[in-house]
Asker: 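Take a look at the following structure, please.
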Amino acid sequence: SSYYTPVMPSSLCKSRRLYISFSDVGWENWIIAPQGYMANYCLGECPFPLTTELNSTNHAILQTMVHSLDPEGTPQPCCVPVRLSPISVLFYDNHDNVVLRHYEDMVVDECGC
Amino acid sequence: LSTRESLLLKSLGLSAKPSPRSPAPVPSVLWRIFQKREIPSPLRPSREDACWVEEFSVPGNIIRVFSDQGHFLHSGGPRTLLCLEKHLFFNLSVLEDGEQLTMAQLQLQFGHNSYRAPSPGQVFELRLYRAPPPSLWELLSPPPSHRLLLVQSFVQLHKSLLFNLTQVGRDWRTQSRNLGLVLEISMSSGAGSSALLGRPPGNFCAGIDSFLDASLLVVSLQLEQCKAARKKR
């Protein structure tokens, strides 16, 4: 039989902010700019029923249903990035050249199930 | 931590953690492009455009500025109209296999702060040659004409001269073909030069001796990183 346990909102799947300063990781002498990086990550539950805020796929909706019927055998859907943005980094490379490089899909803006 | 760090650096396209020995000043054009991309704006080009360098109107997601590693060649001597002769060399081996070179621009910078009034008939001539093998430099001075890449004459010496060397840069991706360039700036052997002969080169080369440095700005596109990502919901 299926069961329903209410989940606290803060534990729902969402983006968690994490800022990493390059000087904290000892990269400040070769990275010219920016000073740091938003290394946000996704964390939280995707409980049944999935609400619209959780940006879920149809598959995830079905999976929560199956999970509620068979919690031991079928896991909850995963909480993953669904919208990312790029960053540009200005740095010195291994030959002292100045490089401006553009990296796609680096900052997690939004998560979903 | 060092293993993880090296894996992360590798994913960022770096073979090892850089430790700049003589970091060059950051070219203002790179600062401008970087700061413009930092400003979040609803008008931000769509992700596909993010692999387009608007400032140069070429595709690309990596812009590098290479410092010149060449050296001055003898100047003056039998060819008295010669003001400057320099070997220019840019090591493009850092470009990865998956990168397409989409633009290469040579910049020559001079340090003078004012425009000198040219002497009557004083015209400078700048020549760029593909450099011959080092063992032949002395023999081949000036390099043979078939190695001439471009000639440009000018009266007023600007602070910065720019040359499009995209095709040359693509040739240099084959390391064995990258022997660099020979830069020559001399008095044009035209109408007014005879009046100048007999005067010491330092005299009519004024301005050219304020040569500061040469650098090569290269834009490249790493198709792997510019492919459309997973479909978003």
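Just so it is clear, the values below take in all heavy atoms, side chains as well, and ignore hydrogens, waters and symmetry mates. Labels below follow one simple rule: chain letters A, B, ... track the order of the sequence lines, proteins then strands, and each chain is numbered from 1.
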Asker: Heavy-atom cut-off 4.5 Å, strictly under: side chain, backbone, both or neither for B/L8 against chain A?
Answerer: side chain
Asker: Can you say whether the rings of B/F34 and B/W31 are parallel (under 30°), tilted (30 to 60°) or perpendicular (over 60°)?
Answerer: perpendicular
Asker: With respect to chain B, which residue among A/I31, A/I32, A/I87, A/L90 yields the maximal number of heavy-atom pairs within a distance under 4.5 Å?
Answerer: A/L90
Asker: Using a strict threshold of under 4.0 Å (side-chain N to carboxylate O), is an ion pair present between B/E96 and A/R101?
Answerer: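 Salt bridge between A/R101 and B/E96, a charged N being under 4.0 Å from a carboxylate O: yes.
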Asker: Count the heavy-atom pairs under 4.5 Å between each of A/V89, A/D93, A/N29, A/V25 and chain B, then report the option with the highest count.
Answerer: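 Highest number of pairs under 4.5 Å: A/D93.
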Asker: Answer with side chain, backbone, both or neither: which region of B/S220 has an atom nearer than 4.5 Å to a non-hydrogen atom of chain A?
Answerer: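 When you check distances to chain A, no heavy atom of B/S220 falls under 4.5 Å.
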Asker: Do other residues, nucleotides or ligands put more than 12 heavy atoms under 6.0 Å from the CD atom of A/E28?
Answerer: yes
Asker: Go through the atoms of B/L221 and report whether side chain, backbone, both or neither lie under 4.5 Å from a heavy atom of chain A.
Answerer: neither
Asker: According to the interplanar angle, ranging from 0 to 90°, do the rings of A/F22 and A/W27 count as parallel (below 30°), tilted (30 to 60°) or perpendicular (above 60°)?
Answerer: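 If you compare the ring of A/F22 with that of A/W27, the planes turn out parallel.
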Asker: Would the pair A/C111 and A/C13 meet an SG-SG distance criterion of under 2.5 Å?
Answerer: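 With an SG-SG separation of 2.5 Å or more, A/C111 and A/C13 do not form a disulfide.
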Asker: Name the member of B/S15, B/S67, B/P23, B/S215 that forms the most heavy-atom pairs with chain A at distances under 4.5 Å.
Answerer: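 Top option by heavy-atom pairs under 4.5 Å: B/P23.
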